[in-house]
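For reference, the structure I am asking about is given below.
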Amino acid sequence: MADQTNEAPVKARGLEGVIALESELSDIDGDTGKLVYRGYSIEDLAENAMFEEVVYLLWNGELPTQDELDTLRSQLRAERTLPAPVLSILRNAPDDAHPMAVLRTAVSALAFHDRETEDMSPDANRRKATRLLARIPTIIAAFDRLRKGREAIEPLTEGSMAYNFLYMLNGEKPGEAAERSFDVCLVLHADHGLNASTFTSRVIGSTLSDMYSAVTGAIGALKGPLHGGANREVMRMLMDIDATDKDATRYVRNRLSEGEKVMGFGHRVYKTMDPRAAILKEMVGELSEERDQRKWYDYSVDIMNTMQEERDIDPNVDFFSASTYYMLGLDPDLFTPIFALSRTAGWTAHLLEQWSDNRLIRPRAEYVGEHDKTFTPVEKR
Ligand code: SDX
């Protein structure tokens with residue numbers, strides 16, 4: 001019998017501070033600004049691990065040996081190609097469709113073409129996680145090219161996920177520096193405790209619905225500007241500043257005085273700087289020097305300093321990821337789909353964990369409506 005406590009039910013708007021479940025995947029220390037995946041610090045992983053190693057770590061609980069890594073990488077490469085009907089969905093989507101709406105739709109359609117969709121055995125779920133992670137980059141890159149009137153590019157059967165994604169997107173093989181920078185971004189976005197989209201995936205998974213349904217729901221949640229959609233809005237802000245008087249401090253002060261939120265700042269858990277933002281800040285600073293294009297970085301530092309002075313609020317992962325992706329030549333409206341690409345590792349790891357000891361996630365609402373009302377037939381209303 002589940003542990004039924006007799007304590008008063010917890011009531012917290014937005015479930016703030018509520019511990020909904022136990023997890024071994026990632027831990028956030030909001031006070032000290034620390035993040036670990038399966039016990040490894042995000043700093044160590046960003047510095048030393050490639051994204052596929054982090055995927056293996058999240059799915060299996062330990063870093064892979066070389067053989068285990070090689071096996072995972074070949075499994076991912078083998079599943080990169082999209083079923084033809086899903087590619088047709090991308091061809092027929094409106095060119096101006098929201099890329100996250102396209103991703104959500106295409107991921108949902110992948111379920112039609114996976115014979116194991118309804119097979120909830122651990123091995124089948126592991127294979128589905130591999131297919132989803134392998135195909136989401138192809139969906140994103142193919143749609144971007146098709147909406148621009150170009151042909152989709154067949155995935156490579158070689159190379160890392162970062163290398164293959166940049167190749168499918170741009171039609172040319174990326175340099176080592178670009179591949180490495182993008183790979184670090186994928187490591188940084190892979191998992192982050194029970195954020196809104198991960199919680200969404202676990203709620204759906206807890207009903208014993210399938211992995212495609214759960215990841216489709218998670219994509220819907222990540223799309224929102226208060227969550228993954230913030231990185232797109234940050235780039236819009238930087239471009240607005242650049243298109244006007246280029247005074248980032250004034251721009252932010254105006255927004256704050258109008259009671260507007262500044263995208264890329266604040267966090268439900270971190271009460272100090274998001275450690276991922278610190279790593280991204282350093283990376284975009286280096287990229288700006290290398291490419292002698294400092295303005296996005298300079299605007300960003302001015303905004304960060306102003307937010308700290310005016311509101312004592314720190315940047316989150318979405319703030320410096322925007323200028324990093326932009327410096328890597330990525331289209332701003334692909335920033336959130338790229339976040340989803342990486343977070344598919346976390347979502348699927350959480351689903352595997354949920355199913356290893358499942359319990360339906362079903363909180364309560366406090367009813368504050370009326371009681372004991374008398375029914376009046378419609379002809380008398
Ligand atoms: C991600 O959860 C995760 O882990 C998410 C994520 C992940 O890896 O999965 O880290 C990724 O989604 C990062 C967050 C991206 N979103 C944004 O950057 C949008 C802007 N940020 C805010 O909307 C806000 O900070 C939230 C949504 C992130 C957190 O909101 P909370 O915890 O509900 O806090 P709140 O909105 O109640 O803010 C508390 C106070 C308020 O002031 P008062 O009304 O009490 O006077 O801080 C202010 C807010 O107005 N505030 C901001 C602000 N964020 C909070 N003021 C201006 N700009 C902001 N960005």
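Positions are given from 1 along the sequence. Whatever order the structure lists them in is the order used to number ligands and atoms, beginning at 1. Because the structure is predicted, anything quoted here is derived from the model rather than measured.
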Region of Asn316 engaging ligand 1 - heavy atom pairs below 4.0 Å: side chain
Residues forming a ring pair (Phe, Tyr, Trp, His ring centres under 6.0 Å) with Phe335, sequence neighbours excluded: Tyr325
Any N/O pair Asp274/ligand 1 closer than 3.5 Å: no
Region of Glu16 that comes within reach of ligand 1 [heavy atoms, distance under 4.0 Å]: neither
Which segment of His189 sits under 4.0 Å of ligand 1 when only heavy atoms are counted: neither
Flag: protein heavy atom within less than 4.0 Å of atom 30 (O) of ligand 1: no
Side chain, backbone, both or neither: the part of Pro225 lying under 4.0 Å from ligand 1 by heavy atom: backbone
Heteroatom distance test (Leu256, ligand 1): nitrogen or oxygen, under 3.5 angstrom: no
Proximal candidate to atom 1 (C) of ligand 1 [heavy atom criterion; set Asp318, Asp191, Thr336]: Asp318
Under-4.0 Å heavy-atom contact with ligand 1, by part of Ile313 that carries it: side chain
Residues that Asp302 engages under side-chain contact (heavy atoms from CB on, under 4.5 Å), provided they are two or more places apart: Ala248, Thr249
Aromatic ring proximity His192/Tyr37, centre distance under 6.0 Å: no
Per-residue contact class, Glu233 against ligand 1 - non-hydrogen pairs under 4.0 Å: neither
Heteroatom distance test (Arg276, ligand 1): nitrogen or oxygen, under 3.5 angstrom: yes
